[in-house]
> 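Quick one: this structure, given as structure tokens, is what I'll be asking you about.
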Amino acid sequence: MNLRKIAVAVSLGMVTLLSACNPSGDGVAKTKGDDSVLRVGMECDYAPFNWTQTDEENGYKIAAGGYAGGYDVEIAKRIADSLDKELEIVKTEWNGLTPALTSGKIDLIIAGMSPTAERKETINFSDTYYTSDLVIVVKKDSKYASANSLADFKGAKITGQLNTFHYDVINQIDGVEKSSALETFPAMIVALESGKIDGYISEKPGAISATTSNDNLTFVEFDEGDGFETSVEDTSIAVGISKDNEKLLEDVNEALKDISQEEREKIMQEAVENQPLGE
């Protein structure tokens, strides 16, 4: 092969390599992420923590189109601002959040996720940015609406979200009929309103959101000793971060320190008020 042919072959090889690194083919090799952008994964389907909306008011752009709003989104925006980065919401199914993080598709998970021991085996978590109690959402005209303790739900058909500790704690109800787990909270609301289930497990903000948007729903909360036995890590919510990015973990924790408890409560109240009707 003469030198000219060798040069051409090398050039073609470089073009192929650049194209593989950069599918857009603009001639510049891309890394996994743009340093000026903070890619945050969430369901955009769990009001008041996160939801999808059609307009920009009180929301931020989703990478695939549309806008996201909610408590998690506001926390994400404050973290992005602290890091001097542009926020990019990456709408991701719940079961796909951890794989998206470990594969480098997203930088953070901010999705109402609890830092359970099982999850900590795979990813790191920031300091807590919200803590809540567990309640059971039921129909207002249900016999379970007047329940005071877990014992009152004996024989009830109860469910929770798939792959969450919400579903696991149902086992604490003696005599309960544990229904199949569902993937989203909207799906659970539909099942509840249609009579397929008698109730579902939720964190209190999620229950407030559901009952605010659905007049025929209410929720049962419990006095200490009458409700679910949970650990602090179960009822806390934190930011998920890849184990190989300790610097980002430190930066996120610094950003969270700047958000006072009073501001966090205000953000949650505004999220409940701003959620789309019918969420």
Side-chain angles (χ1 to χ4, degrees), residues 40-52 68 70-73 75 90-102 106 108-126 128-138 150 153 156-173 176-192 196-211 217 219-222 227-241 268 271 275 279:
V40 176
M42 61 183 69
E43 290 178 280
C44 301
D45 203 14
Y46 180 31
F49 288 98
N50 53 77
W51 63 71
T52 302
Y71 184 82
D72 289 332
V73 177
I75 294 296
V90 182
K91 187 173 182 177
T92 309
E93 294 293 331
W94 177 261
N95 288 339
L97 286 169
T98 298
L101 181 65
T102 56
I106 58 176
L108 301 175
I109 297 172
I110 306 182
M113 182 174 281
S114 300
T116 62
E118 183 179 358
R119 293 184 182 128
K120 285 180 178 178
E121 293 178 2
T122 306
I123 62 177
N124 283 335
F125 282 94
S126 71
T128 297
Y129 70 88
Y130 196 82
T131 303
S132 184
D133 298 322
L134 290 184
V135 301
I136 301 180
V137 180
V138 299
L150 293 184
F153 285 90
K157 294 176 289 186
I158 305 296
T159 191
Q161 188 178 26
L162 184 67
N163 292 331
T164 68
F165 86 101
H166 294 179
Y167 191 64
D168 296 335
V169 299
I170 298 173
N171 296 330
Q172 297 180 24
I173 307 174
V176 71
E177 185 177 332
K178 189 175 183 180
S179 300
S180 298
L182 297 175
E183 291 191 3
T184 67
F185 280 81
M188 287 187 280
I189 292 174
V190 170
L192 178 58
K196 290 182 178 179
I197 59 172
D198 296 309
Y200 67 85
I201 311 300
S202 173
E203 288 157 344
K204 188 174 179 180
I208 293 173
S209 173
T211 55
L217 301 184
F219 64 89
V220 177
E221 51 187 331
F222 307 96
F228 296 103
E229 294 181 8
T230 60
S231 65
V232 173
E233 69 176 13
D234 282 337
T235 54
S236 298
I237 292 172
V239 180
I241 304 166
M268 179 56 78
Q275 65 172 337
E279 182 69 30

> I'd like to know if the side chain of Asn50 and the backbone of Asp45 have a donor-acceptor N/O pair within less than 3.5 Å.
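Confirmed, Asn50 side chain pairs with Asp45 backbone.
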> Can you say whether the rings of Tyr71 and Phe49 are parallel (under 30°), tilted (30 to 60°) or perpendicular (over 60°)?
perpendicular
> Mark yes or no for whether Thr159, through its side chain, and Ser180, through its backbone, hold a donor-acceptor pair below 3.5 Å.
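At least one qualifying donor-acceptor pair exists.
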> So which heavy atom on Leu192 is nearest to which on Gly199, and how close?
CD1-N, 3.7 Å
> Restricting to non-hydrogen atoms, name the atom on Gly160 and the atom on Tyr167 that form the minimum distance, rounded to 0.1 Å.
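Scanning both residues, the minimum pair turns out to be N-CD1, 3.5 Å.
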> Check Ile237, Val232, Thr235 against Thr131 for a side chain to side chain contact (heavy atoms under 4.5 Å, CB included) and give me the one that passes.
Thr235
> Is it true that, when you exclude Gln172 itself, more than 12 heavy atoms of the residues, nucleotides or ligands shown sit nearer than 6.0 Å to its CD?
yes
> Do any N or O atoms from the side chain of Asp72 and from the backbone of Gly112 form a donor-acceptor pair under 3.5 angstrom?
yes
> Quick check for you: to the nearest 0.5 Å, what is the distance between Asp234 atom CG and Asp168 atom CG?
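One finds 8.5 Å between CG of Asp234 and CG of Asp168.
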> Could you walk me through whether Ile75 and Tyr130 satisfy the side-chain contact (heavy atoms from CB on, under 4.5 Å) test, starting with their C-alpha distance in whole Å, then the side-chain angles of each, then the deciding distance to 0.1 Å, before giving a yes or no?
CA-CA 10 Å; Ile75 294 296; Tyr130 196 82; over 6 Å; no
> Just jot down the side chain to side chain contact (heavy atoms under 4.5 Å, CB included) partners of Glu177, sequence neighbours excluded, or say none.
Lys157
> Looking only at atom types and distance, does a side-chain atom of Glu203 sit under 3.5 Å from a main-chain N or O of Ser132, one as donor and one as acceptor?
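A pair under 3.5 Å: no.
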> Got a list of side-chain donor-acceptor pairs under 3.5 Å for residues 115-122, not counting sequence neighbours?
residue	atom	partner	partner atom	Å
Thr116	OG1	Arg119	N	3.3
Arg119	NH1	Ser114	O	2.8
Arg119	NH2	Asn163	O	3.4

> At what distance, to the nearest 0.5 angstrom, does CZ of Phe165 lie from CD1 of Ile201?
9.5 Å
> Indicate the atoms forming the closest heavy-atom contact of Ile197 with Met188, along with that distance.
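Answer, listing the atom of Ile197 first, then Met188: CD1-O, 3.7 Å.
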> What is the minimum heavy-atom distance between Val176 and Ala156, and which atoms define it?
CG2-O, 3.2 Å
> Can you tell me how far CH2 of Trp51 sits from OG of Ser209, rounded to the nearest 0.5 angstrom?
7.5 Å
> Quick one: list whatever passes side chain to side chain contact (heavy atoms under 4.5 Å, CB included) with Val220, sequence neighbours left out.
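For Val220, the residues satisfying side chain to side chain contact (heavy atoms under 4.5 Å, CB included) (neighbours in sequence not counted) are Val138, Ala147, Phe153, Phe222.
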> Please say which of Ile170, Ile189, Ile158 ends up in a side chain to side chain contact (heavy atoms under 4.5 Å, CB included) with Tyr200.
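Filter result, single survivor: Ile189.
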> Can you tell me how far CG of Leu108 sits from CG of Leu101, rounded to the nearest 0.5 angstrom?
7.5 Å
> His166 and Val169: which non-hydrogen atoms are nearest, and at how many Å?
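Here His166 and Val169 meet closest at O-CG2, 3.1 Å.
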> More than 12 non-hydrogen atoms from neighbouring residues, nucleotides or ligands closer than 6.0 Å to CD on Glu183, yes or no?
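Not buried by this count: 12 neighbours or fewer within 6.0 Å.
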> Taking all atoms of both residues into account, what is the closest heavy-atom pair of Thr52 and Cys44, and its distance?
OG1-O, 2.8 Å
> So, taking the atom named CD1 in Ile136 and the one named CZ in Phe228, what distance separates them when rounded to the nearest 0.5 Å?
4.0 Å
> Mind checking the CG-CG spacing from Leu162 to Asn95? Nearest 0.5 Å is all I need.
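Here the rounded value is 5.0 Å.
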